[in-house]
Amino acid sequence: MQKLDLHIPIHLPKEKKIYFASDFHLGAPNAEQSRLREEVITDWFDSIRHDAHLIFLIGDLFDFWFEYRYVIPKGFLRFQAKLVQLVEQGIFLVIFTGNHDLWMFDYFEQELGIPIIRQPISVQISDHNFHLGHGDGLGPGDSFYKMLKKGFTSKTCQRLFSLIHPDVGMYLANLWSKKSRLKNEKEDESFRGPEHEWIYQYCVEVETHQHHDYYVFGHRHLPLDIPVSDASRYYNIGEWISQQSYGVFDGQQFQLQTFRK
């Protein structure tokens, strides 16, 4: 299995593209609706597999995910099977953890060779510089979440949670995840203005130190295209609960698109 090295420039073959998607939230709000969304996502994968060179999955693929030592969450079989097909076809995949699935460990890396990225990274693709990440906890705001994230990502917290029986642990975690998602739904409905868009503020700060042509993030649940400087833009690629929006780069330009069956 060929491995992708994100530390060196990525050469995009002729007539191939790079795709970006995030916030599938598989598992939410219930099994029935999640299954329907899973089918839409796998149909999207099938629609792009002919020209996809690399697919960045930028966090919150699951509404909750925790890998016990010998147990992973039940369900999502069609999604995982489709990832297997893409990898076997020779398409590169990269997964970023989000705030809902930050307890991904090594399952996807060991089983499929898909790298798991936990922090924003910079990559060069066909002479264009990208800065990519899920987007949670970035910028000047959300100090309470930043404190929570430090706890959730600590080894001590993860070990303690792993001691809870999976039936109980998954039940409690899904309750928490649902509460978090419902709390943020209203905030995700509209553009807040640049001064209140924390991911955008983060991009502006990064741009003062290192130029990037494109800043691509998820988390926000709202497709956005905002200039960061005269030569760079911030894109938020939205979500798949209702919008099915994603990003695509053809080697020359980045675009936001929407998938419709």
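Nothing here was measured: the structure is a model prediction, and the numbers come from that model.
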Distance in Å, [X] [atom1] paired with [Y] [atom2], rounded so as to fall on 0.5 Å steps:
| X | Y | atom1 | atom2 | result |
| --- | --- | --- | --- | --- |
| R78 | L26 | CZ | CG | 11.5 Å |
| I18 | I10 | CD1 | CD1 | 5.5 Å |
| R49 | Q89 | CZ | CD | 4.5 Å |

Apply the test side-chain contact (heavy atoms from CB on, under 4.5 Å) to residues I41 and F79: give CA-CA distance (whole Å), side-chain angles for both, the deciding distance (0.1 Å), then the verdict.
-> CA-CA 8 Å; I41 293 166; F79 175 72; 4.2 Å; yes
If you group Ile, Leu, Val, Met, Phe, Trp and Tyr by side-chain heavy-atom gaps below 4.5 Å, do L6 and F254 land in one group?
-> yes
Examine F92 and I95 and state if one hydrophobic cluster contains both, with Ile, Leu, Val, Met, Phe, Trp and Tyr joined whenever side-chain heavy atoms are less than 4.5 Å apart.
-> no
Heavy-atom pair of closest approach, residues F108 and L83 = CE2-CD1, 4.0 Å
Should T258 and Q243 count as side-chain neighbours, where that means a heavy-atom distance under 4.5 Å?
-> no
Close side-chain approach of L86 and I55, heavy atoms under 4.5 Å = yes
Quick one: does [X]'s side chain have a donor or acceptor within less than 3.5 Å of a partner on [Y]'s backbone?
| X | Y | value |
| --- | --- | --- |
| K16 | H50 | yes |
| S47 | W44 | yes |
| R35 | G75 | no |
| N30 | Q33 | yes |

Would you check, one step at a time, whether the test side-chain contact (heavy atoms from CB on, under 4.5 Å) holds for R233 with I226?
-> CA-CA 6 Å; R233 303 192 75 83; I226 309 173; 5.9 Å; no
Step by step, would you call D5 with H7 a side chain to side chain donor-acceptor pair (under 3.5 Å)?
-> CA-CA 5 Å; D5 187 350; H7 296 96; 3.2 Å; yes
Plane angle bin for [Y] and [X] - parallel if under 30°, tilted between 30 and 60°, otherwise perpendicular:
| X | Y | answer |
| --- | --- | --- |
| Y200 | Y234 | tilted |
| Y19 | Y246 | tilted |
| H128 | F249 | perpendicular |
| Y215 | H131 | perpendicular |
| Y214 | Y235 | tilted |
| F76 | W65 | tilted |
| F66 | Y68 | perpendicular |

Any chance the rings of F56 and F130 have centres within less than 6.0 Å?
-> no
Centroid separation H25 to H221 less than 6.0 Å | yes
Carboxylate-amine/guanidinium contact E197 R220, below 4.0 Å = yes
Pairing of K17 and D51 as salt bridge, 4.0 angstrom limit = yes
Run the side-chain contact (heavy atoms from CB on, under 4.5 Å) check on F217 and L132 step by step: do they pass?
-> CA-CA 6 Å; F217 290 88; L132 314 172; over 6 Å; no
Do H211 and N129 have side-chain atoms, one donor and one acceptor, less than 3.5 Å apart?
-> no
Short side-chain donor-acceptor distance under 3.5 Å, S122 and H212 = yes
Does [X], at its [atom1] atom, have more than 12 non-hydrogen atoms belonging to other residues, nucleotides or ligands within less than 6.0 Å?
| X | atom1 | result |
| --- | --- | --- |
| R159 | CZ | no |
| R118 | CZ | yes |
| E32 | CD | no |

Among T97, D101, N99, find the residue that satisfies the side chain to side chain donor-acceptor pair (under 3.5 Å) test when tested with H134.
-> N99
